[in-house]
Structure formats: C-alpha cells, structure tokens
Enquirer: 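Questions regarding the structure given below will be posed in turn.
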Amino acid sequence: MQAFAPVVDRIFLMAYDEHEVGGAAGPIASQAWFEQSVARAAHGLPRSKVVVAIGSYAYNWHDHTGEPLAIDEAWETARESSAMPVFDRASGNTGFAYQENGSRHEVWMLDAASAYNQLRFLARSGLDGVAVWRLGSEDPGLWSIFGRSHRTLPPASVIEKIPAGTDVDIDGSGEILKIAGVPVQGVRRVQTNKDGAITNVVFETLPSPYIVARTGYKPGLVALTFDDGPDPTWTPKVLDILKEKKVPGTFFIVGENALTQRPLLERMVREGHEIGSHTYTHPNLAGASLAETTFQLNTTQRLFQAFTGHSLRLFRAPYFGDAEPTTADEIDPALQAQDRGYISVGLHVDPGDWKRPGVQNIIDSTVAQVTDPTAKCDPTNPEPQCSRNIVLLHDAGGDRSQTVEALPQIIDQLRARGYTFVPVSTLAGIPRDVVMPKLSASDQAAAATDLFIFSALGAIVIGLGWIFFLAITIGIARAVILSALALIQARRESRTIFPEIDPTRFVTVMIPAFNEELVIERAVRGVLASTDVRVEVIVIDDGSSDETSEVVASAFAQDPRVKLLTLENGGKARALNHALALATGEIVIALDADTQFEPTTIARLARWFADPKIGAVAGNAKVGNRVNLLTKFQAVEYITAQNLERRALARLDAMTVVPGAVGAWRLAAIQQVGGYPDDTLAEDQDLTIAIQRAGWKVTYDQYAIAWTESPETVKGLAKQRFRWAFGTLQCLWKHGIIIATGKPRGLARVGLPQAILFQIVFAAISPIIDLALIVSFVTTYLAVQAHGWAQTQHDVEKMLIYWLVFTAIDLLAATVAFALERRENWRLLWLLIPQRIGYRQIMYYVVIKAIAQALRGPRVGWGKLVRTGRVQAG
C-alpha cells in the first residue's frame, strides 16, 4: 500500500466481505474486523489519499452457497418468511434466518446501524474519505447520516424511521393487476452507549414497498385489446374483422374520442365486445393530482353510461406499457382507479403497431411474443413475465391501416397454433356482466341528464369541425374564384378599348373636412393639379375646431375653382349633400382630405361617364403612408383583398362599394336616390347599392389611383374598421330586400351574399377557426412529446398538408393581385403570412363588436381618423 501512495491520487480500502458468498455464513463486516482491517491497511498512508468503502447490502446463504441482496430485498425476504431482523451485539451487524423448501437460509446485512458505527470509527481515526458499496442496494436510512448535509455525525436516532423505498414487489403471473399493498414506512429503535455508539437495534416495523398481485395467466388463451379509440375510420374496420372472424375484442376507449362516436360504442356492446376506460383525454397520469385523475375516470365513465346504459370496470392507464410496473408513477394511477372499483389491465404482448413498423413486422412480432418461439418460458412453472395472454393493438391515434391489415393474419396464425381468443373478463375470471354492468333504474335516471349534456357537447364538437372544414373550403374556393374572375376581367380589360379621355369634361370635387388643417391644402392642390380634365373644388368645413377654413381661405382666395362652405358640425353625409346643391359638374367626386390623387386619376374616372348607363366608377385605392408594420399590413390588404375583390365583382356587376377614398359619381344618379344617405355609417357603400337598385351601373378602373392615409395605430385601425363593419351591417339590413327580389341580379346573387358570408359570418367565426388551429398545434405538439414522432407523424403530416395547401392558394391569389397592380412593391408580399397573426384578429374583433353593437341597437358615431399628413403618392 505504501508503495502505491506516491503514484496514485486515491487509495480505496474495501472494508467489507469478512464473510463472502462462497464461504461460510457470518457477519459481512463485524465492527472489530472492520476497525482492525482499516487500521492495518491505512497504517503509514497519507490520510488525504485514503478512501474507505463501507458496505450497505446483504448476503443470503443457503445450500452451501450464497447470493447478494439489496437491503430492501433482504427486508422483503424477512417479511415474507415472517422473520424479523436482529441486531447482533457482538458483530454490530444485523441478520436473520428462515426455512424455505427444507433449506435453511441465513441472511446477514450491512445496514444504516453498521454504517453509523463504522463512520464513528473513521471520524475518530481522521479518515474523512468515504465511499459506499453498492449504490442502489443500500439502506435508505444511510443518507440520513451520510452526505453533503451531514458534515458531522448526527445522533444515531436519525436512522429510526426507515423510508418505504421505491422498489415494487410483484407477485404472481398474469396481466390482470391488483395493488395489494402500498408503501409503509419502517420503524427501528436504536440504543446507544455513553459514547454514542449503537449497541442495539430493535425492528418494530419493516418498510414495505408497493405490492402488485398479478393474475390471469391461462396458457392457450389470448385477449386482443385495442387502445385509443373509437375512431370513425379505423374502429369500424377492426369491428368488421372481429365480426367476420368471430373473435371478441376488448376496447380501451378515450372519452373525448367517444364523445362523437356513440353509434360505435353501441355497436361494440351489441356485438359482444368488452370496453374499458383509457381516460378522457389520454394524459400521462404519472404525478397527476387526485382531482385530475378523478376527472379523467369519472368523465369517461359517465359518458359511457349515458351512451350505452352500462358501466366501465376495466381500466388501462395511458403510457402503462406492460404488466411490470416498477415505479410509483406507474402504480399510482392504477391504485387510484382500483380505489374507484376499476380492474387494471396490463399486457405482455406489444408489437408496437403504433410505430407503424410494417404489416409483416406487426404480425411476426405479435405471434412471436405470444408463442415464445425461443422457449424461454416453462409452461409448467412460468416466470411472471411469461404470461403472454394480452395483446396490445391500437384502433385510433393515427394511421392504423397497418394494424387493420395485420389483424386478420394475426388471428389466423394464432388459431392455427391452437390458441383461443377470449375477452379480458375470461382471463380475470369474472363474467362480462361484471366488467360492463348494466345501470340500475336510479342510475339510468341520472344518466339521462348526462346523455343530454354529452350529446350536446358531441354536437358542438361535430359542428365546430364542420365549421372549420367549411370555412377552410369556402375560403379556398373564394380565393380561387376571385383570382380567376380578376384574371378574366384583366384579360377582358386588355382587349377593351377604354373610353377616350375628354379634357373638356367638368368634374366637381367635394372635400368634406373636419379638423383637417394638416392635410387640407395639399388635398386641394392635388386635385387642382389634375390633368386632362376641368375641375372645381368645394371644401365643406363641417364645424372644425382647428384652422381648416382659415388654411383654405388663405391658400386659395384667388383661385375661382375653389369654394369654401362652412357649416356647423352635422356629419359627413349632411356636408356632402350641402355641397351637391352647389355642384355645377355632371360628375362629382367625394374626396377624403387624407387622400392624394395622381394627376390623371380624375380624368380616368370621368371618361367612363360617356356611357349614359354608368352611375359610378370606383378607383384603385392604395395605402400612401407605409411607415410601419401596421400600415404595410393594410397596404397588403388593399392589394390582395379589397382591390382584387372589387375587380372580380366588377366582372359580375356585383360591386357593393365605391370607396370614399377614390370614386366618381353621376350627379343625376345621386339626386335620383335622394343624395348621400345619413342613416348609415358607410354612406359610400349605401349609395353604391342604392344607385344600382335605381338601375345605374357601377364599374371599376384600376388605373385611377389614389393614395390614402391609413391608421398608424391599432386603436385607430380598430376604430376605423369598426365604423366600416357597423356600416356594412346597416347597409345589408337596409338593402336586404335585394336578395329576396333578385334585382339587381349581380348584387342579389353575388354581391350581397358574399358580403354577408365573408365580411360578416366568416369574420365572426374566424376566431373559432384560429382557436381550433392553435389547439390543433398545441395538441399535436403534446402528442409528439407524449407518443413520439412515429405515432403522430401521420397527424402532423396531414395538418401540415392542410396548412400548406391553404397558404399556397392564399399566396397564389395574392400573387395574382400583385401581378394585376401597376408599379406595386412586391417585397410586401411576404407580409401575407405574418399578417394572419394579430392583424386579422383585429378585423375579427371589430366585426364581432359591430354585431354586438347592432344587436344592442344604439347609434354609433362616425369615428373620424386623426390625420398625420404622411401620405406619399407613388
């Protein structure tokens, strides 16, 4: 030893095995032997390099040999043989003896008591380095005297309470499980001398772990069990096979899957199959609270009772992979279910069909595990794990086509080998009426209420599913149709000879203004700069509290083309109607003060009025203040939604709105319908519909471009869009008779129905769709975390395909819209995808708010946008 000391970092002294398994029985390390061995070995060695390894394990000697045991195994052996360990005062070790099958067994152990005395000796000897042999087999009480939390030796009494330990005692053969015992803390009383050394230990109670009793081992019988269903696609196919083969099955259902599959549950019961609970949402119950476990069990139970008139007694916890529970996490759910009257069903045959390893692999693995081709099990004296009566398959939770294809061959091959198929109740030795008892009369009355609740919930789930499907389908169809119509219209425009621009045509431009001093001068100058047309400008100051009138009067006092009309505040429609009385042009334009026309815009709008049937022309509105992400989102919306839609609807004579930002009107058409309406917030939409009802046509000119100022804050955007949404509701209500009469045809068949469907209904249910999508992502993520990629790959791929198809079509429609626009910034196109997050939710919010406001009935103010004057044309 001394020769090694200079060349090594540490020297480990293994101070145990005074008596080894190959020799005579005796103390493993008596105190006197330990002290002498350590003193002799450590003599002359540097104390800092010595590490003394103390033992904490047991030996069981019998029949001239011995075998090592962990301490908890030794205690279990003592408990089973009705022997109590005794502290041997002479050696300081603990032991006991018992008889089994005519053989005498003598067990000695090094436990916390022997370790305490050994540590006392080492402390007195100045040896601070200590190791333990063997970790995992030690007395758990050892950690109450040894470790980082105990720099000095505590009183010996700290070892008196013995933790129950974490091992599981599994007895019997079979896959039907009963928790026969729960952990019990052990108690030992310690006596010490005046120096503090332990002189005696008296065991009052030995610690006990979980005890699991297994039954159900019956050679030659096989029970086919199916987890995670019912599934509307795969469960009927499984049932068809079982019916054809005349084989009973046992289905462990997930409550939320069964919520919408009452006919499948009834079919299972009717065709003689057994049904057990697999919880309601398939969570991992390891570590779950009592309340959560109770919910999972009770909800599925009450659903099954309501739908079938029977109760559930069989239970299999999710992620309970076999019949060998080894931890409290695996046992606790089974125990909680057992306390509620359930019978836990494990398994030993798992071909892993949920991983979709291939049909032949599922068949071969199942048959091999059932038949034991390697002859590891002796039927006359089987090992506990050799009870291979229960097969785990899955009828839901993903693509189960491989399971369905493998099932008939599994049945045929096992039958050919002499196996008989039975339900789980046969293995458990109880009648089917016990595992699925009928409800009593009083319980049936209670179940009637549950039936209504679960039926309603099921209908809601089905309804939401259809809403989601229809919304996605209609959304895709709308994008495709609008794109197609817009392309057709563009093609027609390319072959159309546009009306010639008449420079002599006279147009009256009306600019209603309320507190517009920042932008009014630029707006007027922009109109006066128009080319190829004669214009007059009427500025209507609708009771502004700022310098709007003063700015106009000062800037254009010498220009006869500009008139200023100052009114008390009365609203936009009233202001425009006052201006109509002063208008001298055949054509009028109501221009928002925040909007800038390009020089040719008015001339291009005016040229269409050469056709006497035209009552109004809509121009192409673009966002001119693309100064932040919000306004850029609006720019994308104008291009891909409003303008594309306007172009497509023009092809069908179904335009519902000539935008206030850029539109021209025939004065006679406005006068015919009584001027600008003042009973709706969307006066431009109201007027557009009204003149069409009066027989006038409306068209669209994409080359008549106006640059408008959009809200730069979320609050401003919500305020503006609420006004639009509420005004649309008012217009649809006011002009709803169009749909009933069918005239005008374009509005009746396309314009108003699509406005109702997409601007109102679709926007109102879109939050549900978004929520469903979020829930789908979350549940898919949790499923991948819980089940792994192999089991959930199909679901992820299917969801990804749906999302990619929808997004691709949306992008395609947006690409068409951008392609049809002139001089547009294509870099904005990428914003279409992030626009779905946050921005569109604002649109949904304002529509829902508008619907709620409309139902309440009070009038809503105009909600004017605060101007910034940051519009840039081009």
Enquirer: Which residues pass the salt bridge (Lys or Arg N to Asp or Glu O under 4.0 Å) test with E517, sequence neighbours left out?
Expert: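 None.
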Enquirer: Identify the two heavy atoms, one from A583 and one from T508, that lie closest to each other, and give their separation to 0.1 Å.
Expert: CB-CG2, 3.7 Å
Enquirer: Looking at D653 and R745, does any basic side-chain N land under 4.0 Å from a carboxylate oxygen?
Expert: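 Answer for the salt bridge query: no.
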Enquirer: Under 3.5 Å, is there a donor-acceptor pair between the T595 and E709 side chains?
Expert: no
Enquirer: Taking the basic N atoms (NZ, or NE/NH1/NH2) and the acidic carboxylate oxygens, is any pair closer than 4.0 Å for D611 and K613?
Expert: no
Enquirer: For V533 and R607: C-alpha separation, side-chain torsions, deciding distance, then whether side chain to side chain contact (heavy atoms under 4.5 Å, CB included) applies.
Expert: CA-CA 10 Å; V533 68; R607 62 184 170 181; over 6 Å; no
Enquirer: What I want to find out is whether R534 reaches D502 closely enough, with some N-O distance under 4.0 Å, to be called a salt bridge.
Expert: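 Looking at R534 and D502, the cut-off is not met.
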Enquirer: Between T631 and N625, is a side-chain hydrogen bond (donor to acceptor under 3.5 Å, both in side chains) present by the stated rule, with each step listed?
Expert: CA-CA 7 Å; T631 55; N625 57 326; 5.4 Å; no
Enquirer: For A654 and V750, which heavy atoms make the closest approach, and how far apart are they?
Expert: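 Minimum heavy-atom contact is CB-CB, 3.9 Å.
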Enquirer: For K849, give me all partners under salt bridge (Lys or Arg N to Asp or Glu O under 4.0 Å), at least two apart in sequence or on another chain.
Expert: none
Enquirer: Does the distance from a Lys or Arg side-chain N to an Asp or Glu carboxylate O, for E712 and R626, drop under 4.0 Å?
Expert: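 Salt bridge between E712 and R626, a charged N being under 4.0 Å from a carboxylate O: no.
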Enquirer: Please determine which of N577, D678, D592 meets the side chain to side chain donor-acceptor pair (under 3.5 Å) test together with K572.
Expert: D592
Enquirer: Sequence neighbours excluded, which residues qualify as salt bridge (Lys or Arg N to Asp or Glu O under 4.0 Å) partners of R525?
Expert: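 For R525 the salt bridge (Lys or Arg N to Asp or Glu O under 4.0 Å) partners, ignoring immediate neighbours, are E521.
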Enquirer: Could you check whether any side-chain heavy atom of P677 comes within less than 4.5 Å of a side-chain heavy atom of L687, counting everything from C-beta outward?
Expert: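 Contact flag for P677/L687 side chains = yes.
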